[in-house]
Structure formats: structure tokens, C-alpha cells
Amino acid sequence: MALGGKATLVLLLCVMVANAVEGEVVTCQMVVSSIKPCVGYLTIGGPPPPSCCNGVTYLNKAAATTPDRQTACKCLKQAATMVPGLNLDAAASLPVKCGVYIPYEISPDTDCAT
């Protein structure tokens, strides 16, 4: 589950940046700050805290361009390597639990370059 789970989390959060707000430039620092409150939910479970959902919503709106979304995806992949015990089911359910619509299937096959 370690590598596959991390990839799923990354992909989940990567697709959440699909609906963008113009004018934002996505950085790895922004990505990590946005998802950091979700780590407990993604590893231990329970309901995601409001700060997690706020971060997910913000990240979903932050990427205005394809390059921003690609940057977010790459940053999330790096961040996921630092999350031991990642729960794939929790990662898959995060958008729904946070009320964020993701028009894409969450898959470990997602390529950050596209």
C-alpha cells in the first residue's frame, strides 16, 4: 500500500486542482500547506477536519492553468512519499467528504504531464 497508496493520494489531490481560479500560481509550498491538515484523516481515518476541506477546496480553485495543475500534481507526488500508512479509501473519499466535485476518475495511472 505504501507506494500505490501514496500515488492514489497524489492523484486524488492532483485532480482536485482541475477547477481553477484565475491568477494563482501554484507552488509546492502552497500544495503542502493546503493538504497538510488532511494527513490525520488520510492515515488514521475519521471525518476530515474543516481545515483539511478548506485546503482541498482552496487547492481545487488555485490552479488556473494546465502548468499550474501539472505543478500541483508533481508536488503532491513528492509530498505523498512522506506520508506513511496512507489509506487509499480515505484518499478516494476525500473530495466527496469535503463537498468538492472532481470530474475525473482518481487513478494511479494519472500522468502529471497531461
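Positions are given from 1 along the sequence. No hydrogens, no waters, no symmetry mates; every other heavy atom, side chains included, goes into these values.
- Placement of Val100 and Val39 within a single hydrophobic cluster is found when ILVMFWY residues are connected by side-chain heavy-atom separations under 4.5 Å, directly or transitively.
- One finds the OG atom of Ser34 at 10.0 Å from the CD atom of Gln29 (value rounded to the nearest 0.5 Å).
- A distance of 7.5 Å separates CG in Asn87 from OG in Ser93, rounded to the nearest 0.5 Å.
- Annotation for Ala113 and Gln70: closest pair O-NE2, 2.7 Å, computed over non-hydrogen atoms.
- Residues Val26 and Val32 fall into different hydrophobic clusters, defined by Ile, Leu, Val, Met, Phe, Trp and Tyr side chains chained together at heavy-atom separations under 4.5 Å.
- The two residues Asp68 and Ala62 make their nearest non-hydrogen contact at OD2-O, 4.4 Å.
- Residues satisfying the side chain to side chain contact (heavy atoms under 4.5 Å, CB included) criterion with Ser51, sequence neighbours excluded, are Pro37, Pro49.
- Remark: Leu59 CG to Cys98 SG distance equals 11.5 Å, nearest 0.5 Å.
- Across Pro84 and Thr43, no two heavy atoms sit closer than the pair O-CG2, 3.4 Å.
- Taking Lys36 as the reference, nothing meets the side chain to side chain contact (heavy atoms under 4.5 Å, CB included) condition, with sequence neighbours excluded.
- Two residues are said to be in side-chain contact when any heavy atoms from C-beta on lie closer than 4.5 Å; Leu42 and Cys52 fail this criterion.
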